[in-house]
Amino acid sequence: MAGAVRLAAASVVGALGLLTLFLLREGAAVWVQVGPGHFLLGQEWAPLAAPPRLGIRPLLLGSALVGALAAVVAVGLGLLAAIYLAEEAPPRLAGLAAPLIALLAATPSVVMGFLGLQVVAPLVQRLGGAPTGQSALAAAVVVGVMALPTVVALGQDALRAVPMSLREASLALGADRLHTLTRAVLPAAAPGLAAAAVLGLGRVVGETMVVLMLAGNAPQAPASPLDPVATLPAVIAAEMGETVRGSTHQAALFAMGLVLLAVTWALYTVAGWLGLGGGGQGRP
Amino acid sequence: MRRDSRLRLVLATAAALALAPALVVLVLVVGRGAPALWQLAAATGGLGLPKELAAAAAGTLWLVAGTAAAVLPLGVATAIHLSEYAPNRAGAAVRRSLELLAGVPSVVYGLFGMAVFVVWCGLGVSALAGSLTLALCSLPVVVRACEEALQRVPATYREASLALGVGRGQTVRRVILPTALPGILTAALLALGRAAGETAPILFTAAVFYTARPPASPLDPVMALPYHLYVSSSELVGSDPRQQWAAALLLLLLGFVPALPSLWRGPGRGGR
C-alpha cells in the first residue's frame with residue numbers, strides 16, 4: 001500500500017518535470033534560432049510569411065490588454081461582491097449566492113464563449129467597435145466574468161477567516177461598521193484577498209476558448225479596447241492545427257506555451273507567498 | 001449612519017453585478033437550449049438527438065470514461081499518500097507540484113498532450129490521447145478534493161484502528177477508504193464534469209468535427225460536444241443555431257449537475 005501510493009505521488013512530480021521538459025524541447029528551435037530577444041520583443045507575428053517573422057510582442061500586448069480589462073471585472077467586482085456576501089449580506093442571501101457562483105464556475109469556457117458571441121459581441125458592435133464586435137473588450141468582459149467565481153469564493157474564505165472577536169472589539173470601541181470594515185477586517189484579510197485576486201488573474205491569463213472565439217484574433221498591437229487582438233493562448237489554439245511538424249512555426253507555439261507557463265507560475269508563486277495555496281479551484 | 005448605508009449600497013450593487021452573469025447564463029442557456037433540444041428531438045421522431053449531436057455527446061462520454069479510468073486510481077492513490085503517509089513536510093514536493101499543475105493553462109496541457117501522447121507515444125489524434133491529456137488536466141482537482149475527503153475522516157477512526165494493532169495499509173483499506181468513499185465520489189464527479197466541458201486540451205489531441213462512423217477503437221479520433229459547439233458557432237457559417245443552443249445546454253448540464261453533490265456537502269472549499 002505504502003509503496004504503491006508513493007509511486008503514484010512520485011509520478012505527479014514526474015508529470016510536472018515531463019511537462020516542463022517537453023515544452024522546452026519542442027520550443028528549443030525558436031530559443032536557439034530566433035533568440036529570446038527577437039522572439040519576445042519582435043514587432044511582427046507573421047509565421048506564414050517568407051521568411052517567417054516570429055515576434056510575439058503584439059500577442060503579449062494583446063494578452064496584457066485583455067488581462068488588464070478582465071482584471072477590472074474579476075478583481076474589482078469580485079472583491080466588492082466577496083466583501084458584501086461575507087460581511088453585509090443576510091446569511092440566507094449569501095446562501096442563495098453560493099449555487100449561482102458554483103454554476104458560473106461549472107460553466108465550460110466554450111459555452112461562455114458561445115454566449116459571448118450571442119450577447120456581448122453584438123453590444124460591443126453597437127458601441128462602434130470592430131465590425132463583428134469581436135474585440136479585446138468583448139473577450140475581456142467574458143474572461144473577467146469567468147474568473148469571478150475564483151475571486152468571490154476565495155475572497156469570502158479570506159474574510160470569514162478573520163476572527164469575529166476582531167469585529168466585536170472594534171464595534172465595542174465605538175467604531176461604526178465602515179470603520180470596522182476598512183480599519184480592522186480588511187487589513188486582517190488583506191493577504192488572503194490579495195491572493196484571491198492574483199489567483200483570479202491566473203485564470204484570466206490562461207483562458208483560451210473565450211479569447212479565441214471573441215477577441216477577433218488579429219495579431220497586432222491594439223490601439224483601443226475596441227480593436228480586435230490576439231493573445232498567447234488563443235494563437236496557440238488557433239494555429240497549432242495548421243502547423244507542419246518540426247517547423248519553426250510549431251516550435252514558436254511551444255515556446256509561447258512556455259512563456260504562458262512562466263507567467264502563470266509566477267502569479268501562483270506570488271499567491272503562495274501571500275499566504276494562500278494555489279489549489280485546484282480554478283484553472284482556465 | 002449615512003456613510004454606512006452608502007457603503008452597503010455600493011457593495012450590494014457590486015454583488016448584484018457579479019451574480020447577474022450567472023443568472024444570464026442560466027436563463028439564456030436553459031431558456032433557449034431546452035426548446036431547441038425538444039424541437040430537435042421531436043424532429044428525429046422520438047427521443048433521439050440529431051446524428052451529429054448524438055455522436056458528439058457519445059464522444060464526450062467516451063473521453064470522460066477514459067479520463068476517469070486514468071485519473072481516479074492515480075488521483076486517489078496520490079491523495080492517500082499525502083493524507084495518510086506523508087503529511088506536512090514529507091509530501092511537500094508533491095504538494096508543490098500539484099499547485100503548479102493546477103496553474104497550468106488548459107491550452108498548455110493540450111500542447112503537452114500533443115507532444116507526448118500524440119507524437120512521442122505514437123497514439124495519434126485519438127480518444128486515448130485526449131483522455132490521457134484530460135486526466136492530467138484534472139489530476140490536481142481530483143487529488144485536492146480527495147485529500148479533503150480523507151481529512152474529513154475523524155482522527156479517532158485511525159487511532160482506534162491502529163490501537164487495535166491493525167497495520168497502516170489495512171487501516172487505510174478497511175477503515176479510511178470506506179468512510180471517505182462518498183466524499184471521494186463527490187470529488188470524482190466534480191472533476192469529471194469539468195473535464196467533460198474542456199475544449200483546449202482536446203483541440204489537437206482527440207477531437208475532430210465530423211466522423212462518418214462512430215469510433216471503432218480508442219485509437220480513433222472522436223467528435224466531442226465542446227469542440228462541436230466551438231466549431232459550429234465560431235468557424236462554420238450557417239449551421240443550425242438550435243444545435244448550438246442544445247449543445248450549450250448539454251454542456252452546462254454535464255458541468256453543473258455533477259458539481260451539485262459537492263455543493264450540498266457544505267462549504268468544503270478550503271474550510272476544514
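Computed from heavy atoms alone, side chains included, the values below leave out hydrogens, waters and symmetry copies. Naming convention: chains lettered A, B, ... in sequence-line order (proteins, then strands); numbering from 1 in each chain.
Proximity to chain B is limited to the side chain of A:Q118, based on heavy atoms less than 4.5 angstrom apart. With a threshold of 4.5 angstrom between heavy atoms, B:W120 approaches chain A through side-chain atoms but not through N, CA, C or O. Only the side chain of B:V119 comes within contact range of chain A, with heavy atoms under 4.5 Å apart. Using a 4.5 Å cut-off between heavy atoms, A:V119 touches chain B through its side chain atoms alone. Of the two parts of B:R96, only the side chain, counted from C-beta on, holds a non-hydrogen atom closer than 4.5 Å to a non-hydrogen atom of chain A. When heavy atoms are compared at a cutoff of 4.5 Å, B:E84 does not approach chain A at all. Using a 4.5 Å cut-off between heavy atoms, B:Y85 contacts chain A through its side chain alone, with no backbone atom that close. Within the 4.5 angstrom heavy-atom criterion, atoms from both the backbone and the side chain of B:L74 approach chain A. Of the atoms belonging to B:F204, it is side-chain heavy atoms, and not backbone ones, that fall under 4.5 Å from chain A.
Considering only heavy-atom pairs separated by less than 4.5 Å from chain B, the leading option among A:L23, A:L178, A:V151 is A:L178. Of the residues considered (A:A10, A:A106, A:A82), A:A106 shows the highest number of contacts with chain B, using heavy-atom pairs under 4.5 Å. Note: A:M209 leads A:M209, A:Q250, A:E26, A:R245 in heavy-atom pairs under 4.5 Å with chain B. Of all the listed residues (A:A15, A:A74, A:P99), the one sharing the greatest number of non-hydrogen pairs under 4.5 Å with chain B is A:P99. No other option in B:G193, B:P258, B:A18 has as many heavy-atom pairs under 4.5 Å with chain A as B:A18. No other option in B:L19, B:L28, B:V29, B:L249 has as many heavy-atom pairs under 4.5 Å with chain A as B:L19. When A:V5, A:L79, A:L148 are compared by the number of non-hydrogen pairs under 4.5 Å with chain B, A:V5 comes out ahead.
Expressed to the nearest 0.5 Å, how far CZ of A:F254 lies from CG of B:L111 amounts to 5.0 Å. Annotation: the span from A:T208 atom OG1 to B:L203 atom CG amounts to 8.0 Å, rounded to 0.5 Å. Rounded to the nearest 0.5 Å, atoms CG (B:L11) and CG (A:L181) are 7.0 Å apart. In this structure, OG1 on A:T264 lies 9.0 Å from CG on B:L100, to the nearest 0.5 angstrom. The line from CG of A:L115 to CH2 of B:W245 is 5.0 Å long, rounded to the nearest 0.5 Å.
Screening A:L232, A:I236, A:L260 for a side-chain contact (heavy atoms from CB on, under 4.5 Å) involving B:P105 leaves a single residue, A:L260.
Remark: B:A79 engages B:V143, B:C146, B:E147, B:L150 in a side chain to side chain contact (heavy atoms under 4.5 Å, CB included) (not counting sequence neighbours). Remark: B:R8 pairs with A:E88 by the side chain to side chain donor-acceptor pair (under 3.5 Å) rule, at least two apart or across chains.
In plain terms, the two heavy atoms of A:A81 and B:A15 that are nearest each other are CB-CA, 3.6 Å. Here the closest non-hydrogen pair linking A:M213 and B:S234 is CG-OG, 3.9 Å. Minimum heavy-atom separation, A:F114 to B:Q244: CE1-OE1, 3.2 Å. When all heavy atoms of B:P21 and A:V145 are compared, the closest pair comes out as CB-CG1, 3.5 Å. Scanning both residues, A:L80 and B:A14, for their nearest heavy atoms gives CB-CB, 3.4 Å. Pairing each heavy atom of A:R6 with each of B:H81, the nearest pair is CA-ND1, 3.5 Å.
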Step-by-step side-chain contact (heavy atoms from CB on, under 4.5 Å) determination, A:L103 to B:L252: CA-CA 9 Å; A:L103 175 81; B:L252 188 68; 4.2 Å; yes

Verdict with reasoning, A:L100 to B:L23, per side-chain contact (heavy atoms from CB on, under 4.5 Å): CA-CA 7 Å; A:L100 282 177; B:L23 282 175; 4.0 Å; yes

Derivation of the side-chain contact (heavy atoms from CB on, under 4.5 Å) call for B:V25 and A:M112: CA-CA 8 Å; B:V25 169; A:M112 292 302 286; 3.9 Å; yes

side-chain contact (heavy atoms from CB on, under 4.5 Å) between A:L212 and B:T199, worked out: CA-CA 11 Å; A:L212 182 60; B:T199 316; over 6 Å; no

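The environment of B:R95 atom CZ is dense: over 12 non-hydrogen atoms of other residues, nucleotides or ligands sit within 6.0 angstrom.
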